[in-house]
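Positions are given from 1 along the sequence. Each ligand, and each atom within it, is numbered from 1 in the order the structure gives. What you are looking at is a predicted structure, and each value in this text was computed from that prediction instead of being measured.
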Amino acid sequence: MRIAISTGGGDAPGLNAVIRAAALSALNRGWEVLGIKRGYHGLLGIDEIITVTPDVVRGIAHLGGTILRTTNRGNPFAWPRKRSDGSIEEIDRSDELIENMRERGIDAIITIGGDGSLDIAQRLFERGVNIVGVPKTIDNDVAGTVTTFGFDTAVSTAIEAIDKLHTTAESHDRVIVLEVMGRHSGFIALHSGVAGTADVILIPEIPYEIDRVCEKIMSRHRAGRQFSIVVVAEGAYPVGGSQSTLGDSLPGESRRLGGIADGLAREIQERTKKECRSLILGHLQRGGMPTGYDRLLATRFGGAAVRAVAEKKWGQMVALQTPHIVCIPIAEALAQPKRVDPSHDVVQTARETGISFGD
Ligand code: F6P
């Protein structure tokens, strides 16, 4: 058996722990392991394919990033190509990828990625590729799994930021707006905001009204709490408004969300006359060492992915369904994206402890 591992989409802490666990589990079965560099670039002749030995994966479980590198602009079904007039067209390079896979004698692929990479995996599976998925994303927006690896680390980073912002906000009687990632889901904002005891949490699943946000800040002010912390998900938006986006996207890249914090802070300052500051936490949430929780989950996912290959569970994805790691069809995970349920107990507890969602 010769398997190949690929990491695609935005990186997340824990990728290296999955690679290590999958590689060692496979090598210990006597299989050969290859690593496809930068998503599928290595299989399309734009990057290399490496042989993974125990030495290659030694001492990497605690490291952020991915030794295989990654890209969020590598969809083989919609590959951006420049026309002679400079405009961009999208072409399907999946035949070439499958051909190269066969030429290399690759029997199966383990793909580690979020919804975009899992969608590519499903399409490759439908084209006859033996493929198994591992759900990765700091956003925690993949259905069918209690959590994805990378999420816990991102939440911990955001909590650390909230803790630090609390002290400076309090010293200066300021309102500080912290923007966290999450794309169309509010899990990072919700979990970090509740654990970090923010005063206002704004998430895409609960559109907000600026008046309600300011009311909360002013009621704290009247109660002698002169500072407030607002945690806003990058995908949050006001009732009747739209999400903020950042600049132009590159060919093959999806729309970049973000930039809501600054305008929100200005609006709060104008309305409340309180001094406001804003901060975008950005890619700090994606970097650095995975937490112990993410490291263990990633390692369990890596081992389970190899067991799925051994059992020929093609087109399936490993998933955490506490307390077990199970396999579910990738198509099932993709059927509906996971979003914060506004009636979930975390939201309920947040409200009951005085946190406003601006609604
Ligand atoms: O999906 C993970 C994520 O970090 C999102 O939370 C964020 O919107 C996006 O990726 C940022 O992507 P990039 O690294 O391309 O800026």
Legend entry - salt_bridge(R212, E215) N-O dist < 4.0 Å: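 Looking at R212 and E215, the cut-off is met.
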Inset, instruction - Could you tell me whether R351 and D359 make a salt bridge, using a distance below 4.0 angstrom between a side-chain N and a carboxylate O? - result: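 Here R351 pairs with D359 in a salt bridge, since their nearest N and O are under 4.0 Å apart.
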Run the numbers for me: atoms of ligand 1, each under 4.0 Å from some heavy atom of [X], listed by number.
X: H283; value: 13 (P), 14 (O), 16 (O)
X: E234; value: 5 (C), 6 (O), 7 (C), 8 (O)
X: G182; value: 6 (O)

Legend entry - Q285 and ligand 1 - part of the residue with a heavy-atom distance under 4.0 Å: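 For Q285, no heavy atom sits under 4.0 Å from ligand 1.
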Legend entry - Protein heavy-atom partner closest to atom 6 (O) of ligand 1 - residue, atom, separation in Å: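 Protein heavy atom with the smallest distance to atom 6 (O) of ligand 1: D139 OD1, 2.7 Å.
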Legend entry - Nearest-neighbour protein heavy atom for atom 3 (C) of ligand 1, which is reported as residue plus atom name and distance: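 Protein heavy atom with the smallest distance to atom 3 (C) of ligand 1: R286 NH1, 3.4 Å.
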Legend entry - Heavy-atom check, side chain of I3 versus side chain of I110, under 4.5 Å: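 Side chain of I3 against side chain of I110, heavy atoms only: contact under 4.5 Å found.
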Legend entry - Any N/O pair I138/ligand 1 closer than 3.5 Å: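 There is no such contact.
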Legend entry - Distance under 6.0 Å and angle within 45° of ring axis: K338 vs F187: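 Because its charged atom sits under 6.0 Å from the ring centre and within 45° of the axis, K338 does stack over F187.
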Legend entry - Over all atoms of both residues, closest heavy-atom pair of A17 and A61: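 Minimum heavy-atom contact is CB-O, 3.7 Å.
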Inset, instruction - Look up atom CZ in R2 and atom CE in M101, then write down how far apart they are to the nearest 0.5 Å. - result: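 It is 11.5 Å, given to the nearest 0.5 Å.
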Inset, instruction - Determine whether any heavy atom of N72 lies closer than 4.0 Å to an atom of ligand 1. - result: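 Under 4.0 Å: yes for N72.
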